[in-house]
Visitor: 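So that we are looking at the same thing, I have put the structure below in C-alpha cells.
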Amino acid sequence: MSTTDKNTEHLEPTRARRPDMIGYSVKQIGDGKKSSWSRVAAAWAHKDGQGFEVRMDAVPVDGRLVLREPSDDRQAEGDVIERSPAG
C-alpha cells in the first residue's frame with residue numbers, strides 16, 4: 001500500500017455511504033418569511049458515534065451552517081426555497 005493509500009483509506013467508507021447529514025447555507029429572502037437553502041456540505045457519522053466527518057464544497061459567508069438529515073423531499077442539488085422556520 002502506498003503512502004497516499006494509507007492517508008485516504010479511512011475516507012473510502014464515506015464515499016460508498018449516503019451522508020448522515022446534509023449541510024446547508026441558509027439565507028433569508030425579503031421579509032424573512034422565506035429562505036434559500038444552498039447545499040454546501042455533507043456529513044458522515046463516525047463509527048464510534050462520537051462525531052462526524054464533514055466535507056464542505058463551500059463555506060457560508062455568514063458562518064451559519066445548518067445540518068439536516070437527508071430527506072427525499074429536498075432536491076439533491078441546487079437551491080431549495082421554503083418557508084423559514086420563524087415565518
Side-chain angles (χ1 to χ4, degrees):
M1 183 179 290
S2 71
T3 304
T4 304
D5 293 338
K6 288 179 186 175
N7 292 336
T8 60
E9 69 182 352
H10 69 283
L11 300 178
E12 293 306 319
T14 60
R15 290 186 184 145
R17 291 189 304 143
R18 180 177 171 182
D20 295 302
M21 303 287 251
I22 302 296
Y24 297 93
S25 173
V26 182
K27 298 199 183 281
Q28 299 300 314
I29 298 173
D31 59 3
K33 292 185 179 180
K34 290 190 176 186
S35 55
S36 169
W37 292 56
S38 299
R39 181 179 171 161
V40 296
W44 290 265
H46 290 174
K47 287 181 182 179
D48 65 6
Q50 298 297 307
F52 290 88
E53 175 182 339
V54 178
R55 296 198 184 165
M56 299 189 66
D57 296 321
V59 177
V61 176
D62 63 1
R64 180 178 179 212
L65 176 68
V66 177
L67 292 175
R68 304 276 300 187
E69 291 183 1
S71 63
D72 295 334
D73 62 335
R74 290 199 186 270
Q75 297 173 5
E77 299 293 329
D79 289 350
V80 177
I81 308 293
E82 63 179 35
R83 289 202 176 277
S84 171

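Side chains are part of it too, since the values below use all heavy atoms of this structure and drop only hydrogens, waters and symmetry mates.
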Visitor: Consider only side-chain heavy atoms of I, L, V, M, F, W and Y, link residues closer than 4.5 Å, and tell whether Val40 and Leu67 are in one cluster.
Guide: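 Yes; Leu67 is reachable from Val40 via cluster members.
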Visitor: What about Tyr24 and Met56, same hydrophobic cluster or not, with Ile/Leu/Val/Met/Phe/Trp/Tyr joined at side-chain heavy-atom distances under 4.5 Å?
Guide: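 Looking at the clustering, Met56 is in a separate group from Tyr24.
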Visitor: Using the rule that two of Ile, Leu, Val, Met, Phe, Trp, Tyr join whenever any of their side-chain heavy atoms come within less than 4.5 Å, decide whether Val54 and Met21 are in one cluster.
Guide: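 Result: yes, single cluster for both.
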Visitor: Closest approach of Ser71 and Arg18, non-hydrogen atoms and distance?
Guide: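 That would be N-NH2, 4.0 Å.
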Visitor: Please report the shortest heavy-atom distance between His46 and Glu53, naming the atom on each side.
Guide: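 In this case the closest contact between His46 and Glu53 is NE2-N, 3.6 Å.
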Visitor: Between Leu65 and Ala41, what is the shortest heavy-atom contact and its length?
Guide: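 Looking at all heavy atoms of both residues, the shortest contact is CD1-CB, 4.4 Å.
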Visitor: At their closest point, which heavy atom of Pro19 faces which heavy atom of Pro70, and how far apart are they?
Guide: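 Closest approach of Pro19 to Pro70, heavy atoms only: O-CG, 3.2 Å.
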Visitor: For a side-chain contact (heavy atoms from CB on, under 4.5 Å) with Ile22, tell me which candidate from Arg68, Glu69, Arg39 qualifies.
Guide: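 Passing option: Arg39.
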Visitor: What is the minimum heavy-atom distance between Val66 and Trp37, and which atoms define it?
Guide: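 Where Val66 meets Trp37 most closely, the heavy atoms are CG1-CZ3, 3.8 Å.
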